[in-house]
Amino acid sequence: MMENSKVPALTRAIDILNVIARRGPCSAADIIAELGLPKSTTYLILAELKRQRFITLDVRDNYCLWTKLVELSEQALGKMDLRDIAKQRLTELMEDTGLLCHLGIIDDQNAYYILKIESTSTISVRSHEGKSLSLYRSGIGKCLLAWQDERQQQKIMNNIRFISKTPSTIITLAALKKELDGIRRQGWSFDNGEDYADVRCVAAPVFNARNELAAAISVVGTGQQITTDNRDLLAGKAIACAKDISRRLGWKSPFERKAS
């Protein structure tokens with residue numbers, strides 16, 4: 001309902017798109033009548049939606065959905081395809097380790113979980129798909145940041161406002177840069193209780209057919225579940241899983257590329 005919206009202009013724009021999606025090409029008068037919106041407001045929103053390519057006018061001056069929505073849907077479907085490709089292998093990793101597993105992506109300067117495979121362990125770590133991740137306090141976040149190109153990485157780092165969440169949190173650019181360099185060398189990242197004191201995470205990168213970073217996966221547990229004794233073993237399992245997912249995306253190792 002409009003009265004409950006904290007962003008009424010956005011809600012009205014979405015309502016307009018939903019009307020056009022449901023009814024097909026619509027005149028401005030049809031939209032105004034159905035939604036009961038002020039005429040001046042409706043025309044302003046329609047003009048902006050048209051400018052942003054969410055809608056266009058057909059030969060009868062009716063409003064139709066347009067190319068921006070196709071562009072956004074293709075991007076969303078691409079991420080969904082990644083979820084489908086990763087799910088089986090990530091489930092196998094969860095079954096092998098008994099730990100919670102995630103798939104995460106970076107979008108501009110933000111990271112998110114897009115897939116969560118819950119473990120059967122009686123000890124659970126809270127998370128959810130769609131959760132926003134710190135790029136300097138989380139295993140997946142640091143992994144995704146480590147494999148950005150130098151220019152983008154520096155841009156992201158320059159915008160970070162460091163907040164110390166635990167005694168282990170990285171709080172300076174110099175320390176973060178050193179950490180990222182180490183992650184690139186060893187091929188995986190580790191969250192040593194840097195966001196939540198009793199949570200540990202091992203993460204590894206996933207690449208696509210163009211050898212570009214596509215995502216990262218992680219194995220997550222408590223400080224009792226992931227320790228110095230089993231961390232390297234879990235890292236190896238995460239890397240193997242990430243490589244399998246990468247291969248399903250068309251990635252080839254340097255040796256495989258050379259051989260082909």
Side-chain angles (χ1 to χ4, degrees), residues 1-86 103-116 127-136 138 140-141 144-145 147-161 163 208-210 212-216 249:
M1 298 292 290
M2 185 64 65
E3 59 268 21
N4 294 327
S5 174
K6 294 182 179 179
V7 191
L10 177 60
T11 302
R12 287 167 173 162
I14 293 170
D15 287 343
I16 288 171
L17 292 174
N18 284 331
V19 168
I20 298 171
R22 185 175 69 254
R23 294 183 50 169
C26 297
S27 68
D30 291 336
I31 294 168
I32 291 167
E34 175 151 341
L35 296 177
L37 298 177
K39 186 175 180 180
S40 59
T41 299
T42 303
Y43 276 102
L44 285 172
I45 294 173
L46 287 169
E48 183 61 19
L49 288 172
K50 185 173 181 291
R51 189 180 74 84
Q52 297 289 346
R53 296 186 294 111
F54 284 96
I55 60 175
T56 191
L57 284 167
D58 66 13
V59 293
R60 298 181 178 180
D61 283 338
N62 288 325
Y63 289 95
C64 312
L65 300 181
W66 199 233
T67 55
K68 187 65 177 180
L69 291 169
V70 176
E71 181 182 317
L72 292 174
S73 68
E74 286 178 349
Q75 297 232 3
L77 287 171
K79 302 306 181 189
M80 294 300 291
D81 290 344
L82 176 59
R83 282 166 43 99
D84 292 341
I85 289 168
L103 176 71
I105 60 167
I106 189 168
D107 181 16
D108 190 23
Q109 299 189 37
N110 300 289
Y112 305 92
Y113 290 140
I114 62 169
L115 180 63
K116 172 186 177 182
S127 69
H128 59 85
E129 293 177 6
K131 180 181 178 181
S132 179
L133 304 171
S134 167
L135 288 170
Y136 70 95
S138 68
I140 278 188
L144 292 168
L145 184 55
W147 270 275
Q148 296 301 299
D149 66 63
E150 187 175 351
R151 184 175 179 180
Q152 178 67 2
Q153 185 185 92
Q154 192 60 53
K155 178 183 175 183
I156 293 171
M157 289 170 60
N158 288 342
N159 289 327
I160 290 175
R161 295 180 61 188
I163 299 172
N208 61 24
R210 296 182 296 277
E212 299 166 339
L213 180 73
L249 293 172

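The two residues Tyr112 and Ser132 make their nearest non-hydrogen contact at CD2-CA, 3.8 Å. For Ser138 against Ser134, the heavy-atom pair with the smallest separation is OG-O, 2.5 Å. Closest approach of Ala215 to Ile105, counting heavy atoms only: CB-CG2, 4.0 Å. The shortest heavy-atom contact between Cys26 and Gly24 is SG-O, 3.0 Å. The two atoms that bring Ala216 and Ile140 nearest to each other are O-CD1, 3.7 Å, heavy atoms only.
Rounded to the nearest 0.5 angstrom, Asn159 CG and Gln154 CD are separated by 10.0 Å. The CG atom of Leu44 sits 11.5 Å away from the CG atom of Leu37 when rounded to the nearest 0.5 Å. Atom CG in Leu49 sits 15.0 Å away from atom CH2 in Trp66 (nearest 0.5 Å). Rounding to the nearest 0.5 angstrom, the gap separating the OG1 atom in Thr41 from the CG atom in Leu46 is 10.5 Å. Ile31 contributes atom CD1, which lies 11.5 Å from atom CG of Asn18 (distance to the nearest 0.5 angstrom). To the nearest 0.5 Å, the span separating OG1 on Thr11 from CD1 on Ile16 amounts to 11.0 Å.
By the ring pair (Phe, Tyr, Trp, His ring centres under 6.0 Å) test, Tyr136 pairs with Phe162, sequence neighbours left out. Partners of Asn208 by side chain to side chain contact (heavy atoms under 4.5 Å, CB included), not counting sequence neighbours, listed by chain and number: Arg210, Glu212, Ala214.
The shortest distance between side-chain heavy atoms of Leu135 and Ile106 falls below 4.5 Å. Contact of the Gln148 side chain with the Lys155 side chain is not registered, since no non-hydrogen atoms from C-beta on lie closer than 4.5 Å. Counting heavy atoms from C-beta outward, Thr42 and Leu35 have side chains that stay 4.5 Å or more apart. Proximity of Met157 to Leu145: side-chain heavy atoms (C-beta onward) are separated by under 4.5 Å at one or more points. Within the 4.5 Å cutoff, no side-chain heavy atoms of Lys131 are placed close to those of Lys116. Contact annotation: the side chain of Tyr63 never approaches that of Asp30 to less than 4.5 Å [non-hydrogen atoms, C-beta and beyond]. Taking 4.5 Å as the limit, every side-chain heavy atom of Leu144 sits out of range of all side-chain heavy atoms of Leu133. When side chains are defined from C-beta on, Gln152 counts as touching Asp108, because their heavy atoms get closer than 4.5 Å.
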Throw together a table of side-chain donor-acceptor distances under 3.5 angstrom for residues 52-59, partners on residues two or more places apart or in other chains.
unit_1 : atom_1 : unit_2 : atom_2 : d
Gln52  : NE2    : Glu48  : OE2    : 3.1
Arg53  : NH1    : Thr67  : OG1    : 3.0
Arg53  : NH2    : Glu71  : OE1    : 3.2
Asp58  : OD1    : Arg60  : N      : 2.9
Asp58  : OD1    : Asp61  : N      : 3.1
Asp58  : OD1    : Asn62  : N      : 2.8

